[in-house]
Amino acid sequence: MKKHLTFTLNGNAVTVEMLPHALLLDVLRETLDLTGTKRGCGEGECGACTVIVNGATVNSCIYPAWKVENCDVLTVEGLGTREEHHPLQQSFLEKGAVQCGFCTPGMLMSSYALLQKNKEPDEKEIKKALAGNLCRCTGYKKIIGAVKDAARMLNMP
Ligand code: FES
Ligand code: FES
């Protein structure tokens with residue numbers, strides 16, 4: 001039997017119908033058609049499906065959707081728009097931190113969660129925050145550089 005799930009998604013209240021054991025990634029991608037969040041491993045290992053629930057990152061591929069009842073959920077669609085990028089999106093593009101782009105939404109969300117808590121993270125802190133996000137293309141250096149640049153941008157008066 002289907003259940004109703006109500007939560008805040010990228011700043012807007014939403015209510016969806018879902019099967020009791022639905023996973024958050026499926027609700028986002030299949031029910032709400034928000035396909036920015038990617039399915040990589042589907043086992044909580046690669047971070048491609050990372051979204052933010054009440055300020056903390058979760059792997060939505062293994063996260064039961066019922067847990068977001070009345071929570072604030074942020075996905076990559078809520079970060080910026082095609083016309084107006086979030087500074088993180090802008091610096092990822094400028095630094096060449098996006099290649100195939102499959103890991104990028106998850107990288108952005110983990111980076112965003114880090115910068116919410118730590119406005120000037122050093123390299124070690126960035127690496128720690130992104131430890132659960134795998135990229136098979138970039139070698140991570142440009143991603144780390146992009147996070148540092150975005151932090152600088154966000155800290156500008
Ligand atoms: S798809 Fe969720 S961690 Fe890989
Ligand atoms: S850019 Fe291809 S997996 Fe990261």
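Counting starts at 1 for both ligands and their atoms, following the listed order.
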key: Polar side-chain atom of E123 near backbone of I144 as donor-acceptor pair, under 3.5 Å   = no
ask   = What atoms of ligand 1 come within less than 4.0 Å of a heavy atom belonging to E45?
value = 3 (S)
inquiry  = Before moving on, can you tell me the angle at atom 4 (Fe) of ligand 2 between the SG atom of C103 and the SG atom of C135, to the nearest 10 degrees?
reply    = 100°
task = State the atoms of ligand 2, each with its element, that fall below the 4.0 Å cut-off from a heavy-atom position in R136.
result = 3 (S)
key: G101: numbered ligand 2 atoms lying under 4.0 Å from its heavy atoms   = 1 (S), 2 (Fe)
task = Starting at NZ of K127, measure out to CG of D122 and round the result to the nearest 0.5 Å.
result = 10.0 Å
inquiry  = Among all protein heavy atoms in this structure, tell me which lies nearest to atom 1 (S) of ligand 1, with the distance rounded to 0.1 Å.
reply    = G40 N, 3.1 Å
note = So the angle subtended at atom 4 (Fe) of ligand 1 by C46 atom SG and C41 atom SG, rounded to 10 degrees, is 110°
note = Heavy-atom closest pair (L19 atom, K2 atom, distance to 0.1 Å) is CD2-CG, 4.1 Å
remark   = When L74, L24, T57 are each screened for side chain to side chain contact (heavy atoms under 4.5 Å, CB included) with V51, the one that passes is L24
request  = Using a strict 4.0 Å cut-off to heavy atoms of G44, name the atoms of ligand 1 that fall inside it.
outcome  = 3 (S)
remark   = Here the atoms of ligand 1 under 4.0 Å from any heavy atom belonging to G42 are 1 (S), 4 (Fe)
task = For the residue pair M18 and T31, establish whether any side-chain heavy-atom pair is separated by less than 4.5 Å.
result = no
task = Apply side chain to side chain donor-acceptor pair (under 3.5 Å) to the pair E120 and N155, showing each step before the final yes or no.
result = CA-CA 8 Å; E120 284 182 88; N155 289 329; 4.8 Å; no
inquiry  = Which of the numbered atoms in ligand 1 are under 4.0 angstrom from any heavy atom belonging to C61?
reply    = 1 (S), 2 (Fe), 3 (S)
For C49, atoms of ligand 1 separated by under 4.0 Å from a heavy atom = 1 (S), 2 (Fe), 3 (S)
message = Does atom NZ (K38) have a neighbourhood of more than 12 heavy atoms from anything else shown, all under 6.0 Å?
response = yes
Distance, nearest 0.5 Å, that separates NZ of K95 from CD1 of I143 = 12.5 Å
note = Atoms of ligand 2 under 4.0 Å from any heavy atom of C137, numbered from 1 in the order shown, are 1 (S), 2 (Fe), 3 (S)
